Amino acid sequence: MISGKRYWLMKSEPDLFSFQDLKRRKHTRWDGVRNYMARNYMMHDMKVGDLVLFYHSNSNPSGVAGIARVSALAAPDESAFDSTSPYFDERSTPQNPRWFCVEVKYEDDLPSFVSLNEIKKQPQLKNMILLHNSRLSVQPVTATEFKLIRELARQNRVTSGALR
DNA sequence: GCCAACGTTGGC
DNA sequence: GCCAACGTTGGC
């Protein structure tokens, strides 16, 4: 168990499911995660109310697109039971589920997109897991990191406004 | 589309 | 339980 961490970053490929999709749909099960570390964070550490940076991966540009919030605790990932799903895993059964996922809901727009490039430029963000384990799709962020990214999004908007 | 990084699988 | 082979993620 991790104590005191209440902020997360979750990756999604926007071609498959974007922040705008979440905003339209209001909430979604974070299904399809097939990595044990990411699963364990969802199963054991994520609590209802935790805030989430919704990150667009495999994208041009990649970066943080908006804010979400955990809206339900982890439950068995139904997509693993569905033989027609790309996330099907025959080793996971309703009697003995292997994969779990939380539900997240749309929380807030960011004043602007915060690209991976901008994150890399911030000395205060150099310890983010994002920059050191690019493979982990669900990861904790500190309160400081979360707030700084929100601040960057605000600054971006001010800057681009001033240039107009 | 390439490929580095790294998680997973399975033979031994 | 090691580790080589393989598959996947994700930045560029």
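Each chain gets a letter, A, B and so on, in the order its sequence line appears, and its residues count up from 1. Note that this is a predicted model, so its numbers are computed, not measured.
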Within residues 58-67 of chain A: residues closer than 4.0 Å to DNA chain C (heavy atoms): N58(A), S62(A)
For DNA chain C, what residues of residues 114-130 of chain A have any heavy atom nearer than 4.0 Å? L116(A), K120(A)
Taking salt bridge (Lys or Arg N to Asp or Glu O under 4.0 Å) as the test, write out the residues that go with D89(A), two or more places apart. R91(A)
What I'd like to find out is whether the side chain of S12(A) reaches to under 4.5 Å of the side chain of F19(A), using heavy atoms alone. no
Spatial distance of atom CD (Q122(A)) from atom CD (E151(A)) [nearest 0.5 Å]: 10.0 Å
Is the distance between the ring centroids of W99(A) and Y36(A) less than 6.0 Å? yes
Listed partners of S112(A) passing side chain to side chain contact (heavy atoms under 4.5 Å, CB included), at least two apart: A153(A), N156(A)
Side chain to side chain contact (heavy atoms under 4.5 Å, CB included) against S18(A), all qualifying residues, sequence neighbours excluded: P14(A), Q20(A), D21(A), H56(A)
What distance separates L130(A) CG from I119(A) CD1, expressed to the nearest 0.5 Å? 5.5 Å
When every nucleotide of nucleotides 2-11 of chain B is labelled 5' to 3' by its protein contacts under 4.0 Å (heavy atoms), B for base, S for sugar-phosphate only, - for none, what sequence of letters results? ---BBSSS--
How many angstroms lie between atom NZ of K147(A) and atom OG1 of T142(A), to the nearest 0.5 angstrom? 9.0 Å
For the pair F54(A) and W30(A), name the ring-plane relationship: parallel under 30°, tilted 30 to 60°, perpendicular over 60°. perpendicular
Between K121(A) and E118(A), does any NZ, NE, NH1 or NH2 come within less than 4.0 Å of an OD or OE carboxylate oxygen? no
